Amino acid sequence: MGVVAVLLLGFFGFIIMRATAPAMVPIYSDLSVQDSGAIVKELEAQAITYELRQDGAQIMVPKDQMARMRMRLAEKGLPLGGSVGYEIFDKTDALGTTSFVQNINHLRALEGELSRTIRSLDRVQQARVHLVIPERQLFQREKVEPSASIVLKLQGTIEPAQVKAIQHLVATAIQGMRPGRVSVVDESGRMLASGMEDDQPGMILSSLQDRNTAFERRVETQVETILAQVVGQGRSQVRVTAELDYNRVTQTSDKFDPEGQVVRSEQTEEGNTSNQNQEKGVTVANQVPGAQQLPDGTTQKEASTTTKETRNFEISKTSRTEIIEAGRIKRLSVAVLVDGTYTTAADGAVTYQPRQQADVDRIAALVKSAVGFDQSRGDVVEVVNLRFAEAPASLPLENAKSGFAALFDFTKDDILRFTEMGVLLLMTLLVLLFAVRPLIRRITTEAAKAEETASVGQLGLPNLTAVQNAQAVAALTAGPDGTAAGTSDGAGGEHGPSGPSKLEMAKQLGALQATSIAKVGEMIKADPGEAAAIVRTWLTDAA
């Protein structure tokens with residue numbers, strides 16, 4: 001019984017501690033060993049309960065203290081991300097440090113500060129920066145340019161524009177570095193930026209493919225963002241195939257407008273000439289037969305007028321030079337798959353319903369407007385309504401609970417907490433039924449037996465012998481014919497196999513008590529002094 005009592009105390013202690021233990025949530029995850037040690041030291045200084053998981057990479061603290069501890073750790077610059085910044089010079093002795101150590105510390109500080117800056121960007125979880133800064137040598141004509149390599153651990157996907165931004169960020173922080181000398185790789189080994197100059201052979205094709213893929217992903221994201229407001233988050237899939245023209249074309253054209261002519265210069269020349277001839281003697285005309293004979297001595301006059309005009313016109317001219325840059329859209333194909341609608345019945349069953357054709361047509365019109373649909377260049381937009389293989393994780397908004405029913409809309413954490421409490425309650429009930437209850441029954445049974453024996457012993461009084469007490473017990477348990485209880489005829493005696501009735505036992509007990517009282521009276525008469533001493537002793541014990 002003592003062992004069982006100790007085990008029960010331990011069990012109930014565990015139940016109480018588990019039920020009153022605060023909910024633990026991660027304050028930071030994926031921590032380095034240095035950051036974990038610094039954070040644990042700070043938590044112990046603040047007397048905050050914590051738990052270490054994943055070999056110290058994750059630290060759990062009570063949920064109600066998480067926000068406060070994060071602010072306190074942020075004041076102290078924790079976590080550092082496993083990198084060392086310019087604080088490396090706070091604890092060094094400048095007088096006893098060589099130039100080599102100073103240069104190494106400066107390089108480490110640059111790498112650490114750049115890592116912290118890159119980690120502050122969206123979708124970047126961790127970053128490691130390696131810098132190669134050549135030392136400047138005297139009397140050296142050829143200059144080696146600095147370079148850098150960056151390894152990123154991402155949360156989701158990163159856009160090419162963000163990769164370019166990281167390259168320019170690092171390049172402008174290092175003197176003499178160009179963005180093309182910065183290579184970027186993600187945690188899976190996928191190259192995000194080569195670190196080679198863009199005009200080197202072998203990189204042009206890769207750059208064009210990256211541009212094409214980036215354009216397609218950008219259009220897909222835009223369309224999915226719009227459709228998420230209509231059909232719900234994750235209930236649509238969009239795929240875009242774009243044919244881009246990377247030819248750079250230069251066109252020059254001259255246009256003359258005949259209606260826009262203007263007189264530039266005008267020149268007019270006029271001339272008059274006159275001649276007088278007097279005929280004398282024989283002329284040819286006089287000798288021609290039938291010709292009109294001029295009289296002798298007549299005068300013939302000849303006059304002529306000449307006009308010359310020169311006019312120069314200026315015609316308007318339009319010269320146009322058009323440069324068409326690479327990256328024009330030649331053709332665009334968009335495929336959109338949307339899920340149907342779901343309704344919830346009274347019994348909680350979810351029913352799928354396809355969308356109406358009018359809704360599909362409106363979605364198609366919306367997608368065409370979003371992607372800049374142009375039928376003349378052969379663009380294709382196809383919207384299909386099919387049921388997805390997996391049903392939505394949550395009901396649509398129109399089926400969401402509200403009002404009093406929203407109080408019972410528990411989250412996943414609430415369900416896990418209730419399940420844990422239910423298991424503890426069930427274990428407690430089992431222990432009470434199968435351990436505590438039998439123990440209590442055993443203790444009460446033994447106490448009842450002891451009380452019964454004490455009551456029977458009191459019937460014989462202190463001066464009665466053990467034989468008389470045994471006789472009293474035997475009389476109480478004897479049957480009507482004087483035999484022991486339970487030994488009577490089981491074939492259907494007067495009182496059955498269960499022994500004498502309560503009335504007969506009361507009669508026997510009364511006769512026994514009368515006999516005992518008579519004996520007590522005789523003893524008191526025989527020795528009054530001893531009887532008085534016994535009574536005084538009883539009174540003293542009672543007091």
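The first residue in the sequence is number 1, and the count goes up from there. Since the model is a prediction, treat every value here as computed from it, not as a measurement.
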Check whether any side-chain N or O of [X] sits under 3.5 Å from a backbone N or O of [Y] as a donor-acceptor pair, and report yes or no.
X	Y	value
Ser236	Gly232	no
Glu187	Leu154	yes
Glu216	Ala242	yes
Gln155	Val124	no
Thr341	Gln353	yes

Roughly how far apart are [X] [atom1] and [Y] [atom2], rounded to 0.5 Å?
X	Y	atom1	atom2	result
Ile174	Leu131	CD1	CG	5.0 Å
Arg239	Ser333	CZ	OG	14.5 Å
Ser120	Arg116	OG	CZ	11.5 Å
Thr49	Met60	OG1	CE	13.0 Å
Leu425	Leu429	CG	CG	4.5 Å

Quick one: does [X]'s side chain get under 4.5 Å of [Y]'s, heavy atoms only?
X	Y	value
Leu366	Ile226	yes
Leu52	Ile59	yes
Arg235	Phe388	yes
Val223	Val371	yes
Gln126	Leu152	no
Val184	Gln167	yes
Arg387	Tyr342	yes
Ile104	His106	no

query = Looking at Lys41 and Glu44, does any basic side-chain N land under 4.0 Å from a carboxylate oxygen?
reply =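 No, Lys41 and Glu44 are not salt-bridged.
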ask   = Does a side-chain N-to-carboxylate-O contact under 4.0 Å join Lys519 and Glu522?
value =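 Salt bridge flag = no for Glu522 with Lys519.
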How close do [X] and [Y] get, counting heavy atoms only, and between which atoms?
X	Y	result
Val381	Ala364	CG1-O, 4.4 Å
Ile48	Met69	CG1-SD, 3.8 Å
Asn385	Arg355	OD1-N, 2.8 Å
Tyr352	Leu386	OH-C, 3.7 Å
Ala127	Ile118	CB-CG2, 3.8 Å
Leu192	Ile158	CD1-CG2, 4.0 Å

inquiry  = Please evaluate residues Arg218 and Glu159 with respect to the criterion side-chain contact (heavy atoms from CB on, under 4.5 Å), reporting the C-alpha separation (whole Å), side-chain torsions for both, the decisive distance (0.1 Å), and the verdict.
reply    = CA-CA 9 Å; Arg218 181 172 59 86; Glu159 300 294 335; 5.6 Å; no
request  = Using the test side chain to side chain contact (heavy atoms under 4.5 Å, CB included), find all partners of Asp359 that sit at least two apart in sequence or belong to another chain.
outcome  = Gln356, Arg362
message = Which residues pass the side chain to side chain contact (heavy atoms under 4.5 Å, CB included) test with Leu430, not counting sequence neighbours?
response = Leu426, Phe434
request  = Let me see the working for Ile150 and Val185 under side-chain contact (heavy atoms from CB on, under 4.5 Å), right down to the final yes or no.
outcome  = CA-CA 6 Å; Ile150 304 173; Val185 183; over 6 Å; no
query = Between Asp361, Ile363, Val238, which is the residue that forms a side chain to side chain contact (heavy atoms under 4.5 Å, CB included) with Val383?
reply =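 With Val383 as partner, side chain to side chain contact (heavy atoms under 4.5 Å, CB included) holds for just one option, Ile363.
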ask   = Which is it for Val384 and Glu382 under the side-chain contact (heavy atoms from CB on, under 4.5 Å) test, yes or no, and what are the steps along the way?
value = CA-CA 7 Å; Val384 179; Glu382 188 71 23; 4.0 Å; yes
inquiry  = One pair to check against side-chain contact (heavy atoms from CB on, under 4.5 Å): Arg119 and Gln125. What are the steps and the verdict?
reply    = CA-CA 6 Å; Arg119 281 200 312 274; Gln125 183 177 359; over 6 Å; no
